[in-house]
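Have a look at the structure below, then the notes.
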Amino acid sequence: MEGVVFGSIVNEGYLNSASEGEEFCIYNRNPNACSYGVAVGVLAFLTCLLYLALDVYFPQISSVKDRKKAVLSDIGVSAFWAFLWFVGFCYLANQWQVSKPKDNPLNEGTDAARAAIAFSFFSIFTWAGQAVLAFQRYQIGADSALFSQDYMDPSQDSSMPYAPYVEPTGPDPAGMGGTYQQPANTFDTEPQGYQSQGY
């Protein structure tokens, strides 16, 4: 989506006037509007590439602190970009609305200008959705102890086939005064072998 925004503005966002020798921005002759759209589009595209690489590298991050930082940065950066796209949408839509028809009598580039506004609007929800997904990922990690300091990846410890029993602390509910171990012969009360059933 980011590529559509800055591509539309770069390709058809500037017009030539017969009376003037210089190009001007299609959005109310405001060069800041075109510059903002291009800058936000390019930087958001680069940010997408950066976080795509981080997602590929994420399973190899062994440090719990680094994993937590990566997910938290994903939340913050996605929310920040959603805000920047909201500002960009409002800015471009406003400048398009106040543009004068006499500046573009042949309606050149109007489809590209509208496309940039529309995809700015879609980008708000895309980045906001990414922030929500990153927050859910953070909650899953917090609930499953992925971000706790005592977490140890079970796949890394091959010496323990199962988790050790930890004696509960606090008052002894059964009044046994500690751990209770059942005698070995408790389950062997029935005789071994084949038993005939009476009908």
Scan for disulfide bond (SG atoms under 2.5 Å apart) pairs involving residues 58-100, sequence neighbours excluded, and state none if there are none.
none
Decide, yes or no, whether a salt bridge links Lys69 with Asp74 under the criterion of side-chain N to carboxylate O below 4.0 Å.
no
Please check if the number of heavy atoms outside Tyr27 that lie under 6.0 Å from its OH is greater than 12.
yes
Check whether NZ of the Lys or CZ of the Arg Arg137 lies under 6.0 Å from the centre of the six-membered ring of Phe58 and within 45 degrees of that ring's axis.
yes
Which heavy atom of Ile9 sits nearest a heavy atom of Ala116, and at what distance?
CG1-CB, 4.0 Å
Shortest non-hydrogen separation from Glu12 to Gly109 and the atoms involved
OE1-CA, 3.6 Å
Indicate the ring-plane relationship of Tyr36 and Tyr91, choosing parallel, tilted or perpendicular according to the 30° and 60° boundaries.
perpendicular
Interatomic distance, Arg114 atom CZ to Ile26 atom CD1 [nearest 0.5 angstrom]:
9.0 Å
Spacing of Leu15 atom CG and Thr110 atom OG1 [to the nearest 0.5 Å]
9.5 Å
How close do Tyr14 and Cys34 get, counting heavy atoms only, and between which atoms?
OH-CB, 3.2 Å
For the residue pair Ala115 and Ser8, what are the closest heavy atoms and their distance?
CB-OG, 4.2 Å
Just say parallel, tilted or perpendicular for the rings of Trp81 and Trp127, cut-offs at 30° and 60°.
tilted
Once rounded to the nearest 0.5 Å, what's the spacing between atom CG of Asn30 and atom CG of Asn94?
9.5 Å
Partners of Ser73 by side-chain contact (heavy atoms from CB on, under 4.5 Å), sequence neighbours excluded?
Tyr51
Other residues, nucleotides, ligands: >12 heavy atoms within 6.0 Å of Phe135 CZ
no
Name all residues meeting the ring pair (Phe, Tyr, Trp, His ring centres under 6.0 Å) criterion together with Phe80; count only those two or more places apart in sequence or in a different chain, and write none if there are none.
none
Would a 4.5 Å heavy-atom cut-off, applied to side chains only, mark Val77 and Thr47 as touching?
yes
